[in-house]
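Values reported hereafter were calculated over all heavy atoms of this structure, with side chains retained and with hydrogens, waters and symmetry mates removed. Numbering starts at 1 and runs along the sequence shown.
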Amino acid sequence: MEATARNVIKSTFPEQYTGYATYREAPYHLRDQFIEHVKQTYQPETFPGLYWGRLNKNEPFEIIHMFAVDRKKRPEGDYIPCPMCQRREKFLEGSFVFIFSRQCIAVIGHDCASAEVKHAAFSKKKQDDERRQQEDFLMARLMHVPSMLRELEALKPIATEIESVFHDFRRQAPTIQRVLRQVRKTGGEYILTEMIDNEAARYDDRLPKKVARDSHFGSLRGDALVRTSCKFLVELRKYEQWLLSFAGCEDETAAMDMTIGLLERKEAAKAVQYIGTAGRKLGWLRYEMSAACFFFAEGHVEDLREWSRDRLQPNPFEVDRQVRNDGTAVILSRRLTKDQEREYARLFLSTGLAEWAEANRCMPDLGTL
């Protein structure tokens with residue numbers, strides 16, 4: 001009888017808190033119910049089945065959910081009681097936990113457990129959250145990998161054609177391309193600046209005699225064609241290689257099997273990184289390639305022509321645009337020396353590629369091809 005008496009749990013909490021439920025393992029199925037209970041009542045301590053006997057600060061536990069409560073919204077405006085503390089009302093930020101040794105659930109304050117036990121619990125919580133996020137991501141995204149691979153394959157001939165235009169430009173008119181590359185580096189606006197007399201200086205000697213005046217001619221379009229390199233095809237092939245390891249998930253069952261395998265082999269984090277990055281990059285590459293085609297847009301060529309031949313242009317050149325049934329050509333030429341040596345580039349955009357770019361443009365106000 002004495003041994004039994006020594007093991008009786010003594011509690012200073014109200015009678016309605018003293019009954020508790022036991023579980024063989026952490027009852028994560030209660031997480032959503034607990035969250036809803038706190039949302040409705042602001043009293044996590046009244047959640048059914050909590051353990052309210054005295055807990056040792058060194059008792060290991062597993063965090064099911066972390067929460068914070070606004071004291072002003074609690075019915076009595078008080079703090080939440082903690083079974084690890086001698087003070088009845090202790091905290092507003094804490095955790096809904098599973099106590100391993102007692103196989104029970106409890107709510108404890110975020111500063112109530114010992115540092116070592118708390119560190120172990122938070123580390124496991126972080127690992128569990130990461131695993132759960134990885135599982136959710138893979139289940140949602142693995143089924144999209146086959147369609148992403150098909151799109152990557154479809155973009156290869158488009159990338160090849162755009163890169164061909166880039167190399168023609170760089171090989172045939174390198175000086176003009178460098179001039180436009182400088183426009184890209186300085187903000188992408190066609191601007192020419194001249195120094196004019198400052199009329200205000202006539203009335204105030206402290207003011208400068210000359211001021212700068214900018215003339216604006218529009219914005220550079222298709223800046224991928226004036227960069228130092230254009231490697232759309234290399235990028236597509238890289239992301240294709242990333243995704244090939246995760247091909248074959250055409251349905252939910254296949255996605256689940258692959259997710260389980262990746263988690264067991266501890267390869268889920270890498271899979272999430274590869275699939276997530278490839279998805280974002282695929283969207284960006286699609287935009288970049290479509291935007292490159294708008295170098296040939298009528299409005300852009302008109303802006304470029306006006307800018308290139310303006311009296312203030314230090315590096316003047318000629319621009320022409322020709323439209324045929326099979327596509328659009330932009331001709332750029334510039335005299336290099338007095339003996340009539342010229343740079344000459346004829347850049348051609350096929351009708352099919354122009355139509356693809358129009359259908360896939362992601363930014364407004366790009367003009368029309």
(request) Decide whether F296 and V183 are clustered together by the hydrophobic rule: side chain heavy atoms of Ile, Leu, Val, Met, Phe, Trp, Tyr closer than 4.5 Å, transitively. (result) yes

(request) For the pair D197 and K210, find out whether any cationic side-chain nitrogen is under 4.0 Å from an anionic carboxylate oxygen. (result) yes

(message) Could you go through R181 and Q177, starting from their C-alpha distance and side-chain angles, then the distance that decides it, and tell me whether this counts as side-chain hydrogen bond (donor to acceptor under 3.5 Å, both in side chains)?
(response) CA-CA 6 Å; R181 189 180 308 141; Q177 194 203 41; 2.6 Å; yes

(request) Before accepting this row, confirm whether a basic side-chain N of the pair D70/K72 lies closer than 4.0 Å to the acidic partner's carboxylate O. (result) no

(request) Decide if atom CD of E116 counts as having more than 12 heavy atoms of other residues, nucleotides or ligands within a radius under 6.0 Å. (result) no

(request) Verify the neighbour count for atom NE2 of H119: are there more than 12 heavy atoms of other residues, nucleotides or ligands below 6.0 Å? (result) no

(message) Salt bridge check, K118 against D111: does any charged N sit closer than 4.0 Å to a carboxylate O?
(response) yes

(request) Just do the salt bridge (Lys or Arg N to Asp or Glu O under 4.0 Å) check on E240 and R237 with the steps written out, would you? (result) CA-CA 5 Å; E240 180 182 53; R237 286 171 176 163; over 6 Å; no

(request) Would you check if the side chain of H37 reaches a backbone N or O of Q43 as a donor-acceptor pair within less than 3.5 Å? (result) yes

(message) In the structure I gave you, are the side-chain heavy atoms of L304 and F295 within less than 4.5 Å of one another anywhere?
(response) yes

(request) Step through the shown structure and confirm whether more than 12 heavy atoms of other residues, nucleotides or ligands are within 6.0 Å of NZ on K156. (result) yes

(message) Strictly below 4.0 Å, N to O, side chains only: are E302 and R305 in salt-bridge contact?
(response) no

(request) Take T193 and D214 through the side-chain hydrogen bond (donor to acceptor under 3.5 Å, both in side chains) test and state the conclusion after the steps. (result) CA-CA 4 Å; T193 303; D214 291 338; 2.6 Å; yes

(request) Could you tell me whether E318 and R342 have a side-chain N and a carboxylate O separated by less than 4.0 Å? (result) no

(request) Could you tell me whether R213 and E199 have a side-chain N and a carboxylate O separated by less than 4.0 Å? (result) no

(request) Take R132 and D136 through the salt bridge (Lys or Arg N to Asp or Glu O under 4.0 Å) test and state the conclusion after the steps. (result) CA-CA 6 Å; R132 192 175 301 110; D136 292 344; over 6 Å; no

(request) Kindly check if the number of other-residue, nucleotide or ligand heavy atoms within 6.0 Å of NZ (K57) is above 12? (result) yes

(request) For a ring pair (Phe, Tyr, Trp, His ring centres under 6.0 Å) with F96, tell me which candidate from F67, Y51, F47 qualifies. (result) F47

(message) Please determine whether the number of non-hydrogen atoms from other residues, nucleotides or ligands lying under 6.0 Å from atom CD of E252 exceeds 12.
(response) no

(request) Report the residue from K125, K124, K126, R131 that forms a side-chain hydrogen bond (donor to acceptor under 3.5 Å, both in side chains) with D128. (result) K124

(request) Determine whether R74 and E45 make a side-chain contact, defined as any pair of heavy atoms from C-beta on separated by less than 4.5 Å. (result) yes

(request) Using the six-membered ring wherever Trp is involved, compare the ring planes of Y23 and H29 and label them parallel, tilted or perpendicular (cut-offs 30° and 60°). (result) perpendicular

(request) Indicate, with yes or no, if I35 and L30 share a hydrophobic cluster defined by side-chain heavy-atom contacts under 4.5 Å among Ile, Leu, Val, Met, Phe, Trp and Tyr. (result) no

(request) Could you please spell out the steps behind the side-chain hydrogen bond (donor to acceptor under 3.5 Å, both in side chains) verdict for E267 and Y274? (result) CA-CA 11 Å; E267 297 174 358; Y274 276 11; over 6 Å; no

